[in-house]
A.B. asks: 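Structure below; questions to follow.
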Protein chains: 2
Amino acid sequence: MTNIRKVAELAGVSVATVSRTLKSPEIVAPSTRAKVLEAVSAAGYRPNLMAVQFRSQRTHNLVVLVPAIANVFFARVISGIQAAAQQQGYGVLLCNTLGDEETEERYAGMVTTRKADGLIQLRASNPFGAHVFPAGTVLPMVNACEVLDDAPCPSVKLDNRAAARTLTEHLIGLGHRRIAMIQGPRRSPLTRDRVAGYRDALEAAGIAFDDRLVHPGDFTLDAGFEAAGSLMARGRPPTAIFCESDEMAIGAMQRIKRLGLSVPGDVSVAGFDDIAFSSYSDPPLTTIAQPAEAFGTQAVTMLIDLLEGRGTTPAPRVVLPYELVVRGSTSPPR
Amino acid sequence: MTNIRKVAELAGVSVATVSRTLKSPEIVAPSTRAKVLEAVSAAGYRPNLMAVQFRSQRTHNLVVLVPAIANVFFARVISGIQAAAQQQGYGVLLCNTLGDEETEERYAGMVTTRKADGLIQLRASNPFGAHVFPAGTVLPMVNACEVLDDAPCPSVKLDNRAAARTLTEHLIGLGHRRIAMIQGPRRSPLTRDRVAGYRDALEAAGIAFDDRLVHPGDFTLDAGFEAAGSLMARGRPPTAIFCESDEMAIGAMQRIKRLGLSVPGDVSVAGFDDIAFSSYSDPPLTTIAQPAEAFGTQAVTMLIDLLEGRGTTPAPRVVLPYELVVRGSTSPPR
DNA sequence: GTGAAAGCGCTAACAT
DNA sequence: ATGTTAGCGCTTTCAC
């Protein structure tokens with residue numbers, strides 16, 4: 001492999017001069033610079049980043065912990081992360097955790113073993129829990145999307161409670177009183193906050209909360225399909241269903257249609273996320289739009305700030321805006 | 001940071017012994033081993049992978065070039081890649097290229113600058129085109145999904161021609177004669193092979209190819225929606241549409257329904273990929289199922305074989321199986 | 001403005 | 001079985 005020494009020989013200068021020419025061209029004499037640059041291209045020299053990393057003790061890599069890469073919403077977040085990282089000179093080490101804590105901790109080891117400089121966690125859990133960090137050090141991590149209440153690091157999220165309240169109010173405004181909810185995983189802060197928003201709206205409208213109208217799920221198409229089946233099998237089925245993800249909403253709509261009912265004629269359905277498929281579902285889905293890519297770019301920016309010593313105290317807690325998108329899947333009840 | 005020297009001091013042995021204890025425990029005396037392991041855990045020692053990489057000249061990272069991370073099919077391939085890489089001790093550096101050649105070449109630089117050991121390319125293009133490799137070296141790369149005809153490296157793909165023929169035969173078998181096709185990008189080998197399969201089937205059935213029935217697209221929902229609009233506006237619209245991706249098929253179905261027509265009553269629609277949404281579309285989509293995750297795991301295995309000197313000549317060209325999945329979106333024409 | 005040299009943490013060749 | 005040491009490629013003092 002052609003290294004800096006070869007280039008130095010070729011240019012008739014010292015390795016230090018080659019290094020300087022490449023890193024701070026302005027401090028070498030123009031004539032030397034020309035010689036060196038010519039030698040660099042003559043030799044087809046590319047700096048060995050392993051050595052650079054080793055020397056500088058910085059990999060310029062970020063680990064990203066994703067519960068499910070194939071989830072359409074997360075895929076958009078990852079796109080945002082990758083674009084922002086690339087733009088700031090960082091690589092992205094992608095890890096699919098399936099929401100498993102042990103797996104997350106194992107991947108977090110990439111930071112403690114210096115394979116990456118920092119980590120972005122898209123789930124509400126601290127993967128460094130078991131890792132030892134020198135006291136007084138800031139955790140090289142940012143928490144995004146599903147955020148810990150007391151995240152020991154910067155975080156980016158949505159005001160899920162307000163968003164869920166907005167969506168529920170939309171349904172109530174249409175005249176619905178029996179509004180079901182297909183939720184995310186029970187222990188997720190996402191679920192907790194959105195349920196809180198849902199209850200806020202019910203309460204404000206004087207509608208009693210009925211726990212037979214809530215059903216847990218896991219954000220997938222299958223979960224929505226199944227949950228809609230049990231909800232519609234109730235004695236007094238709901239006239240509207242609020243799903244905590246668009247995927248569940250699409251699954252739910254399909255189940256309702258297979259029961260011979262119509263959306264929104266018999267049941268209104270609303271989702272959360274605004275994925276691309278939601279504009280093309282039948283009917284198009286009413287939902288809460290989240291700025292998925294922005295979660296990624298914001299998380300990257302905050303993490304790099306942290307890594308490069310531009311972090312602030314207290315850690316920033318960014319809340320991104322949502323938007324209610326009304327489409328054809330919601331209408332007044334019969 | 002606690003390094004191997006600290007551990008050696010703590011255990012009262014040399015750094016070499018610590019290294020050996022960690023790499024080949026069996027060659028150190030049991031008593032020494034115990035001392036060292038204790039020191040390791042007492043010091044909370046984690047080997048510095050930057051140094052290991054530098055020393056061994058191997059990063060154990062793979063670069064993955066994806067045209068579009070947010071594409072549901074690719075997301076599944078990436079899941080497969082990540083799982084296999086992780087399992088074999090490699091990290092995945094994910095790069096979103098948007099199909100841009102310059103971007104691909106820039107990312108390929110991660111291999112020439114030794115930030116990664118090898119590369120998986122999911123598009124039919126050699127990103128090392130402009131990079132200089134020592135003559136006689138094998139390119140540290142594998143080409144998957146959309147594969148170059150003369151890929152200078154191992155490859156994994158589908159028999160797209162046969163799959164497209166199978167799907168077209170299904171439509172012909174139902175009685176369709178005017179079968180449109182919404183294609184992928186014009187210059188993609190995927191498009192070329194699938195069009196060839198489509199024409200094979202037409203020809204075998206004695207149906208003349210009509211180029212007014214083919215329409216280019218780019219695999220997205222939007223493209224399917226638009227293309228279906230123009231196809232149905234023809235004087236003699238098709239009775240069936242074969243879409244080169246499920247996303248385009250879902251977009252097309254939605255457009256057809258908005259025209260007041262029914263699927264499959266007025267027009268049958270078929271897709272390609274078998275993404276999760278296709279089971280939940282209305283009607284559920286007839287399609288060609290591809291083993292998306294398997295593309296990823298196969299690509300990783302071949303690449304690591306190559307990197308670790310287990311590559312074979314000639315380079316393996318793997319063809320994965322497809323399956324026709326018949327659902328409700330196709331039926332005999334009126 | 002340029003060169004000489006130390007040293008980042010680790011592994012492996014060699015010596016004992 | 002264990003220790004000593006060179007050296008991977010680079011950046012950065014410190015001299016001149």
Side-chain angles (χ1 to χ4, degrees), chain A residues 1-40 43-61 89 109-117 134 308, chain B residues 1-40 43-61 89 109-117:
Chain A
M1 213 51 198
T2 136
N3 58 24
I4 201 170
R5 218 163 335 111
K6 296 253 178 49
V7 176
E9 280 170 30
L10 214 64
V13 299
S14 73
V15 295
T17 299
V18 176
S19 177
R20 281 191 278 253
T21 306
L22 265 19
K23 280 209 61 153
S24 359
E26 70 283 0
I27 68 168
V28 308
S31 60
T32 316
R33 199 188 310 156
K35 267 193 308 188
V36 171
L37 291 179
E38 197 185 347
V40 163
Y45 172 68
R46 315 232 45 193
N48 183 325
L49 259 31
M50 287 167 163
V52 175
Q53 291 176 9
F54 175 50
R55 172 67 227 235
S56 62
Q57 291 296 337
R58 291 220 155 279
T59 58
H60 283 259
N61 283 151
M110 295 174 108
V111 175
T112 45
T113 58
R114 323 300 304 276
K115 192 154 181 167
D117 301 336
E308 300 187 348
Chain B
M1 214 52 200
T2 136
N3 57 24
I4 201 170
R5 218 166 331 116
K6 296 252 179 50
V7 177
E9 280 170 30
L10 215 64
V13 299
S14 72
V15 293
T17 299
V18 177
S19 178
R20 281 191 280 254
T21 306
L22 265 19
K23 280 208 61 151
S24 359
E26 70 283 0
I27 67 168
V28 308
S31 61
T32 316
R33 199 188 308 157
K35 267 195 307 189
V36 171
L37 292 178
E38 196 184 348
V40 162
Y45 172 70
R46 314 232 47 194
N48 183 326
L49 259 28
M50 287 166 164
V52 175
Q53 290 176 8
F54 175 49
R55 173 67 227 234
S56 64
Q57 292 295 336
R58 292 221 154 277
T59 58
H60 284 260
N61 283 152
M110 295 174 109
V111 175
T112 46
T113 59
R114 323 300 303 277
K115 191 153 181 167
D117 300 336

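Values in this document were obtained by computation on a predicted structure and should not be read as measured data.
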A.B. asks: How long is the gap from CG on Leu49(A) to CZ on Arg114(B), to the nearest 0.5 Å?
C.D. replies: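 So the gap between those two atoms works out to 10.5 Å.
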
A.B. asks: From NZ of Lys115(A) over to P of dG9(C), roughly how many Å is that when rounded to an integer?
C.D. replies: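 Value for this atom pair: 19 Å.
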
A.B. asks: With sequence neighbours left out, write down each residue that passes side-chain hydrogen bond (donor to acceptor under 3.5 Å, both in side chains) with Thr59(B), or none if nothing qualifies.
C.D. replies: Asp117(B)

A.B. asks: Measure the spacing between OG1 of Thr21(A) and CG of Leu37(A) and express it to the nearest 0.5 Å.
C.D. replies: 6.5 Å

A.B. asks: Any chance you could measure Asn48(B), atom CG, to Ile4(B), atom CD1, to the nearest 0.5 Å?
C.D. replies: 10.5 Å

A.B. asks: To the nearest angstrom, how far is Lys35(A) atom NZ from dG1(C) atom P?
C.D. replies: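 Whole-Å distance recorded here is 14 Å.
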
A.B. asks: Separation of Tyr45(A) atom OH from dG9(D) atom P, in whole Å?
C.D. replies: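 Taking atom P of dG9(D) as the reference, OH of Tyr45(A) is at 10 Å.
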
A.B. asks: Once each nucleotide of nucleotides 3-8 of chain D is scored for protein heavy atoms under 4.0 Å, what B/S/- sequence comes out, 5' to 3'?
C.D. replies: BB--BB

A.B. asks: Take the protein atom NZ of Lys23(A) and the nucleotide atom P of dT13(D), then report the distance between them rounded to whole Å.
C.D. replies: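 In whole Å, dT13(D) P lies 11 Å from Lys23(A) NZ.
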
A.B. asks: Between atom CD in Gln53(B) and atom P in dC8(C), what is the gap in whole Å?
C.D. replies: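 So the two atoms are 19 Å apart, to the nearest Å.
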
A.B. asks: Expressed as a whole number of angstroms, how long is the span from Lys6(B):NZ to dC8(C):P?
C.D. replies: 10 Å

A.B. asks: Hey, mind stepping through Val36(A) and Arg33(A) against side-chain contact (heavy atoms from CB on, under 4.5 Å) and telling me if it holds?
C.D. replies: CA-CA 5 Å; Val36(A) 171; Arg33(A) 199 188 310 156; 5.9 Å; no

A.B. asks: So how far is it from Met50(B) CE to Met50(A) CE, rounded to the nearest 0.5 Å?
C.D. replies: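 CE of Met50(A) is found 12.0 Å from CE of Met50(B).
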
A.B. asks: Please give, in whole Å, the distance from dG9(C) P to Leu49(B) CG?
C.D. replies: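 My rounded result for the distance is 14 Å.
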
A.B. asks: Report the distance from atom CE of Met50(B) to atom C1' of dG9(D), rounded to the nearest whole Å.
C.D. replies: 14 Å

